[in-house]
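Naming convention: chains lettered A, B, ... in sequence-line order (proteins, then strands); numbering from 1 in each chain. What you see below is based on every heavy atom in this structure, not just the backbone, and it leaves out hydrogens, waters and symmetry mates. Since the model is a prediction, treat every value here as computed from it, not as a measurement.
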Amino acid sequence: MSDLTPMQRLKNKLFSQSTRQKLLAFASLVGLMVFFSAASPNFLQTDNLVGILQATAVNGVLAIACTFVIITSGIDLSVGTLMTFCAVMAGVFMTYWGLPMYVGVLAAILFGALAGWVSGFLIAKLKIPPFIATLGMMMLLKGLSLVISGTKPIYFNDTPNFSYISQESFIGYFFPSLPIPNAVLILFVVAVVSSLILNKTILGSYTFALGSNEEAVRLSGVNVDRWKIIIYSLNGAICGVAGLLIASRLNSAQPALGQGYELDAIAAVVIGGTSLSGGAGTILGTIIGAFIMSVLTNGLRIMSVAQEWQTVITGIIIILAVYADILRRRK
Amino acid sequence: MSDLTPMQRLKNKLFSQSTRQKLLAFASLVGLMVFFSAASPNFLQTDNLVGILQATAVNGVLAIACTFVIITSGIDLSVGTLMTFCAVMAGVFMTYWGLPMYVGVLAAILFGALAGWVSGFLIAKLKIPPFIATLGMMMLLKGLSLVISGTKPIYFNDTPNFSYISQESFIGYFFPSLPIPNAVLILFVVAVVSSLILNKTILGSYTFALGSNEEAVRLSGVNVDRWKIIIYSLNGAICGVAGLLIASRLNSAQPALGQGYELDAIAAVVIGGTSLSGGAGTILGTIIGAFIMSVLTNGLRIMSVAQEWQTVITGIIIILAVYADILRRRK
Amino acid sequence: MADTSPLISITHLSKSFPGVRALNNCQFELAAGEVHALMGENGAGKSTLMKVLAGVYTKDEGEIRIDGQVVNIPTPRAAQALGISIIHQELNLMNHLSAAQNIFIGREPLGRMGLFVDQDKMAADTQKIFDRLHLQLDPRVEVGELTVAKQQMVEIAKALSFNSRVLIMDEPTAALNNAEIDDLFRIIRQLKAHGVGIVYISHKMDELKVISDRVTVMRDGEYIATVPTASTSMDTIIGMMVGRALESNDNPARYTHTDDSHEVMLEVKGLNRGRSIKDVSFSVRKGEILGFAGLMGAGRTEVARAIFGADALDSGEVWVKGQKVAIKAPSDAVKVGIGYLSEDRKRYGLATGMDVQSNILLANLKNFVSMGFWLKQDAIEAVAQKYVTQLGIKTPSIFQLARLLSGGNQQKIVIAKWLLRDCEVLFFDEPTRGIDVGAKSEIYKLLNALAEQGRAIVMISSELPEVLRMSHRIVVMCEGRVTGELSAAEATQEKIMQFATLRETNTATAATTH
Amino acid sequence: ADEIYIPLVSKGFQHQFWQAVKSGADQAAKDLKVKVTFEGPETEAMVDKQIDMLTSVLAKKPAAIGFAALDSKAAIPLLKKAQAAKIPVVAFDSGVDSDIPVTTATTDNKAAAALAADKMAELIGKAGEVALVVHDQTSRTGVDRRDGFVERIKSTYPNIKIVSVQYGGGDQLKSTEITKSILQANPNIKGIFGANEGSAIGVLNGAKEMKRTIVIIGYDSGKQQKDAVRSGAMAGAITQNPVGIGYKTVEAAVKALKGETLPKIIDTGFYFYDKSNMNDPKIAAVLYD
Ligand SMILES: Nc1ncnc2c1ncn2[C@@H]1O[C@H](COP(=O)(O)OP(=O)(O)OP(=O)(O)O)[C@@H](O)[C@H]1O
Ligand SMILES: Nc1ncnc2c1ncn2[C@@H]1O[C@H](COP(=O)(O)OP(=O)(O)OP(=O)(O)O)[C@@H](O)[C@H]1O
Ligand SMILES: O[C@@H]1[C@@H](O)[C@H](O)OC[C@H]1O
Ligand SMILES: [Mg+2]
Ligand SMILES: [Mg+2]
């Protein structure tokens with residue numbers, strides 16, 4: 001029984017819980033798309049699809065960041081304002097100090113990691129529950145972004161290439177019929193790298209292990225605190241990437257933006273089948289979850305549903321998506 | 001060892017973890033007040049203290065509502081928009097349909113309980129994690145409030161007594177030097193009743209038990225689902241009281257308000273020593289937590305600290321307050 | 001010089017928890033190549049002493065020497081570095097991870113570029129340990145999917161994987177069947193031959209003679225004595241453990257249940273649930289103790305949980321006192337008078353964060369309220385106190401958190417909960433797992449008393465002597481089916497084992513094991 | 001089927017102000033027989049959400065677009081797309097840093113707030129302490145109204161001191177609490193300017209709860225604000241012409257589609273209203289409930 005043929009192993013994998021789970025989420029996504037295509041002729045058009053991809057990039061990257069901490073059974077409420085903080089820091093380096101773009105990019109990611117480190121420290125060393133530590137960080141970072149920027153947007157007009165990060169299409173350059181913006185490319189790179197980290201490295205193993213039974217990990221002699229801090233730092237660094245994406249998209253760091261984004265990100269993670277109680281989750285699921293959210297938003301807009309009803313429907317769909325997942329798992 | 005004298009029992013109680021915890025939270029509160037009194041002569045004045053009491057009422061009641069579900073190790077992200085929904089329903093009954101005030105008051109509380117029932121149903125019966133169920137409800141209720149009110153405030157001008165609920169001072173009527181607004185009285189009534197429910201009734205026992213080990217409670221033959229639903233309904237009903245308080249204070253139901261209030265409420269609960277992992281918590285702690293939050297906000301404003309710095313400081317204080325609590329428990 | 005020092009020597013060790021002095025001036029010695037049993041009643045401090053040695057707790061006072069050198073063991077990692085590994089009394093596994101990942105956590109082999117975990121090597125190394133243990137298990141299986149017994153085997157495999165000089169086993173066999181215990185003992189003997197020192201904690205007295213060289217007895221946190229096993233009688237050891245001579249319980253006054261006219265309290269017909277329950281039917285009468293025997297994973301727990309409504313049935317009927325009942329949830333079961341004591345008290349039995357009284361009342365609060373909601377606090381405390389006294393639960397007060405009690409005393413709380421509930425049909429799933437000899441005999445008396453009072457009792461147990469001693473009738477299961485039924489008179493260990501291994505088709509077995 | 005479709009992407013939708021703009025747009029849609037939709041993000045900080053809205057609106061192949069930019073630069077690439085697709089853009093409420101919009105129907109918020117400052121000065125006798133409760137620290141309207149007021153006081157009224165500027169997110173309750181703290185911290189304060197409807201009502205409530213009589217100048221209208229002005233509790237308020245903004249935006253879009261030339265700016269105007277002039281038909285027409 002321990003000697004499975006590769007075929008059997010593949011079969012096991014395909015029909016494993018987590019795969020079925022992703023298939024289901026994927027089916028919901030396809031279902032939504034079919035529905036909206038039928039409802040409006042404007043939905044299934046290149047421009048709109050590209051728009052959806054673009055709209056998913058920021059939330060997708062934030063959701064990937066969250067996926068790590070949620071698998072450890074933690075939570076990060078600060079991802080939205082942390083993203084903004086990183087965008088502001090990029091602005092400080094590039095616009096205020098006139099440093100080259102790569103410095104700004106590095107700065108955003110490093111400050112993201114640093115802020116994540118602080119959250120991780122609060123959680124791992126001072127034993128502050130993640131919800132509170134990151135709630136505090138959410139406010140702290142929001143305030144800091146306003147303080148640092150002088151409550152004004154920081155524009156990147158002196159660094160014209162900066163907008164390419166998100167807006168231009170590297171793929172479209174080679175395949176003009178596929179004008180997929182770079183933001184989406186970056187989302188996929190982040191997803192692939194994160195997926196590798198999660199599934200193939202020690203860091204990934206510990207991410208799952210911490211979410212599964214932290215005490216057991218500790219009793220196994222693992223330096224739990226250190227790994228936790230590393231995971232939160234990674235989460236922060238990924239938020240830094242999101243900060244670059246949004247800053248590049250808006251060609252500016254908008255210091256007041258960010259709060260509320262954490263809920264979208266967490267919703268995407270959970271719709272994608274990662275459990276808030278930790279121990280299980282996939283990046284692919286998260287990406288699908290993020291797409292479900294943006295297809296829904298976009299589709300309702302395209303159908304010109306009144307905005308208050310959009311809110312009602314989104315609330316219901318979030319619940320239904322997670323319920324469908326639960327039903328499927330029960331079987 | 002089993003026959004404790006009343007004296008010993010009192011001693012046990014006084015030095016029990018939860019009491020020390022409350023004492024500590026109380027000490028932080030006093031510390032903050034001393035600090036602000038020193039920093040500004042305008043802080044320690046009857047008017048301002050009454051103002052702080054008044055400002056605590058809505059958040060305090062919401063935080064009490066949250067306390068129950070947080071003790072079950074759940075969470076309710078919808079308390080803010082649920083409060084608004086209840087205010088809108090009061091407006092529908094009193095202003096739209098011209099029914100008497102007591103009907104409006106009952107309606108707010110009943111619709112609160114009903115919405116809570118729905119959350120409870122989603123969580124208990126459909127097994128949707130509380131974070132997601134109440135996130136969905138948050139959006140759903142927000143949308144509904146806008147739909148029902150036609151995105152317009154509903155005024156209570158036809159029910160002039162309605163504003164008494166929150167604004168007049170019943171106590172001040174008898175003791176003119178103590179012009180404590182009724183909202184504060186209601187906060188304390190809600191606190192006392194909730195405290196009794198939590199500590200002296202079967203509902204309270206199950207609230208703690210569910211947070212401690214839900215599976216064990218279920219396997220003890222307790223109808224866990226039903227009790228959970230009752231707890232969420234109670235939570236909703238209390239949010240209805242908050243809805244009345246805010247509507248009475250503003251003499252209108254403001255349909256767009258509410259989101260964001262849940263974080264303040266949850267912060268108050270946690271600062272007050274209730275653990276997000278469930279099984280432990282007190283109403284008194286929550287009240288103290290709510291006061292810490294409003295003293296902090298008030299004091300910083302009185303000191304004319306710039307708003308962005310207020311945000312930074314509040315973030316830090318939330319973290320510190322919880323850390324102090326953790327330190328004390330460790331001892 | 002170094003030759004004469006024992007491998008481990010602990011002296012003057014003390015350790016307190018808030019309100020409890022768990023260890024008081026304790027001593028302990030372990031030689032290389034020795035199996036040293038550590039005995040004592042529930043709460044004597046055995047686990048605490050070993051946790052200090054394994055770096056889980058830090059000592060308040062005292063000295064630990066390894067090879068004569070004083071050492072400091074602040075963390076589990078430090079213990080590992082000193083060559084000490086431990087199998088904890090409670091399972092400590094990461095349920096979402098594979099067996100291999102569980103075993104190698106913290107020591108993962110790295111493959112290419114030192115970046116990625118070498119999953120194949122990890123699985124292969126795990127397989128080697130499993131083979132040593134004769135354990136048929138896929139290293140890549142998620143441990144959360146395994147039965148308690150297999151999880152315990154994974155814990156054992158993990159401890160072995162360290163190749164430590166000192167191996168501490170805190171009740172390793174509590175969840176194991178005889179074949180598995182034999183495998184474990186075989187390994188212990190191998191390790192012994194290689195000079196490994198082994199600390200062995202167990203409440204199964206018969207194991208001592210088989211495996212241990214010396215026995216150290218503890219009582220109430222204090223060291224009592226160390227004696228060579230071979231030259232000491234069991235009664236002497238038990239006497240030292242309990243601090244008094246114990247009335248012999250080898251021939252309990254068994255209530256003989258011969259009268260078939262007694263009312264059938266519970267009858268189940270054709271129960272099915274997935275692969276783990278297949279066409280199970282049985283009945284139990286008033287005043288009868290029905291033993292449920294079988295190997296690990298035979299499905300006894302599943303049957304009990306399904307009848308109790310904890311898990312859903314695919315098909316089958318449940319009759320209580322001649323009435324067909326529909327049980328959809330445990331609350332329904334309790335309503336018709338069925339109670340169930342889980343085999344895993346920490347996970348399913350106790351609200352460990354609550355105090356003793358709340359736990360005792362958990363199944364019965366409704367009878368202690370006035371006006372439908374107001375708690376009768378005085379009555380609650382009185383009844384909780386009554387059961388604490390009656391069952392001899394060792395606790396500073398009824399307000400102590402259940403989490404802070406020893407395993408055995410926790411089990412007694414769960415029993416108290418069900419006694420208070422007063423069900424007519426009671427399932428006891430491994431009621432004496434992890435319970436010391438003294439308490440065990442009390443639980444036996446209790447079961448007998450309950451039967452005499454006219455309750456119907458189903459006792460699931462993996463300890464054959466216990467099944468044989470207690471049951472009026474024995475049902476044996478294998479792979480989800482009832483394979484035999486024996487009356488008390490005809491039952492022997494051999495016959496039970498025969499039924500317990502009566503597989504449906506011998507060829508299919510290898511493939512269907514999880 | 002070939003109905004002319006003109007979506008308006010605004011800065012918000014929950015505020016009364018935006019609802020009034022919407023009603024103006026709806027009215028124009030009826031009059032001019034076109035179809036309009038109206039949407040805006042939840043807070044005025046959500047610049048990227050607005051961009052997403054603009055993107056989906058463009059996907060619907062509209063005839064023209066109305067757009068009230070949260071950030072004057074961020075949407076320019078999308079506006080260029082609209083231009084390339086020959087979709088005329090009418091800016092409303094606030095302009096963009098670009099000449100793509102065929103016209104901008106807007107209130108000069110800075111000038112309006114300066115007028116509020118003048119009225120405040122007049123009512124407190126050109127001397128004393130005043131404060132501001134503003135809805136937002138970063139959004140264009142918040143910043144412009146704050147700056148318009150503060151700059152006018154500083155440049156023209158040397159004896160007036162601005163003791164506090166605080167932000168309440170347009171949330172009535174928060175603005176009430178803020179006002180109370182301001183009054184508590186500054187016992188001599190003579191007047192407070194509330195920079196939008198929620199802020200103004202908050203100032204009103206706060207003063208009432210503290211039982212302080214101060215000069216309150218508000219902004220926008222709405223039932224409560226109108227009542228307060230009528231009763232004298234509020235000295236007066238600035239009103240824009242939100243219904244007019246909505247109407248003119250749609251009207252301008254239709255004109256643009258017909259190829260008519262439009263002025264660069266359509267000033268929809270603002271007024272100061274108080275007890276004395278609020279029944280004046282010209283003013284009554286721009287006040288909304
Ligand atoms: N973490 C803790 N906090 C407080 N008290 C504890 C803790 N751990 C153990 N104790 C107490 O210390 C004493 C010794 O417990 P220990 O678990 O070592 O007993 P044991 O001999 O292993 O018993 P058992 O056979 O039931 O496992 C008991 O009274 C127990 O209640
Ligand atoms: N948590 C679980 N997840 C998946 N399968 C399980 C789980 N627990 C038990 N099983 C499966 O259910 C079947 C019956 O297990 P069960 O625990 O009822 O056996 P048992 O006779 O009580 O043995 P023991 O409790 O001694 O292990 C086995 O095939 C086992 O593999
Ligand atoms: O109410 C405000 C309105 O007056 C302004 O024009 O835009 C922003 C709104 O918050
Ligand atoms: Mg033990
Ligand atoms: Mg079992």
Given heavy-atom pairs under 4.5 angstrom as the criterion, report whether the side chain, backbone, both or neither of D/K35 touches chain A. side chain
Identify the heavy atoms of D/S23 and D/V243 that sit nearest to each other, and give their distance. OG-CG2, 4.0 Å
Given a strict heavy-atom distance threshold of 4.5 Å, which part of A/L250 is in contact with chain D: side chain, backbone, both, or neither? both
Hey, mind stepping through A/L300 and A/W309 against side chain to side chain contact (heavy atoms under 4.5 Å, CB included) and telling me if it holds? CA-CA 9 Å; A/L300 292 173; A/W309 281 111; over 6 Å; no
What part of A/E308 is in contact with chain D, defined as an atom under 4.5 angstrom from a non-hydrogen atom: side chain, backbone, both or neither? both
Is the closest side-chain donor-acceptor distance between D/D71 and A/Q254 under 3.5 Å? yes
For residues D/T141 and D/F17, determine if any side-chain heavy atom of one lies less than 4.5 Å from a side-chain heavy atom of the other. no
Measure distances from A/N251 to the heavy atoms of chain D and classify the residue's part below 4.5 Å as side chain, backbone, both or neither. neither
Heavy-atom cut-off 4.5 Å, strictly under: side chain, backbone, both or neither for A/S252 against chain D? side chain
Ring-plane angle category for D/F149 and D/F193, please: parallel below 30°, perpendicular beyond 60°, tilted otherwise. parallel
Between A/N298 and A/N48, is any side-chain donor less than 3.5 angstrom from a side-chain acceptor? yes
Does the side chain of D/D136 come under 3.5 Å of the side chain of D/T138 through a donor N or O and an acceptor N or O? yes
Turns out that what part of D/Y167 lies under 4.5 Å from chain A's heavy atoms comes down to neither
Look at A/D47, A/I52, A/I302 and state which one has the largest set of heavy-atom pairs under 4.5 Å with chain D. A/I302
Examine whether an atom of A/D264 lies under 4.5 Å from a heavy atom of chain D, and if so say whether it belongs to the side chain, the backbone or both; otherwise answer neither. side chain
Highest number of heavy-atom pairs under 4.5 Å with chain A among D/M46, D/K81, D/E42 belongs to D/M46
What part of A/F43 gets closer than 4.5 Å to chain D, counting heavy atoms only: side chain, backbone, both or neither? neither
Looking just at side-chain N and O atoms, do D/N109 and D/Y219 make a donor-acceptor pair shorter than 3.5 Å? yes
By a 4.5 Å heavy-atom criterion (distance strictly below it), what part of D/P7 contacts chain A: side chain, backbone, both, or neither? neither
If you count heavy-atom pairs under 4.5 Å between each of D/I51, D/T37, D/T43 and chain A, which one has the most? D/I51
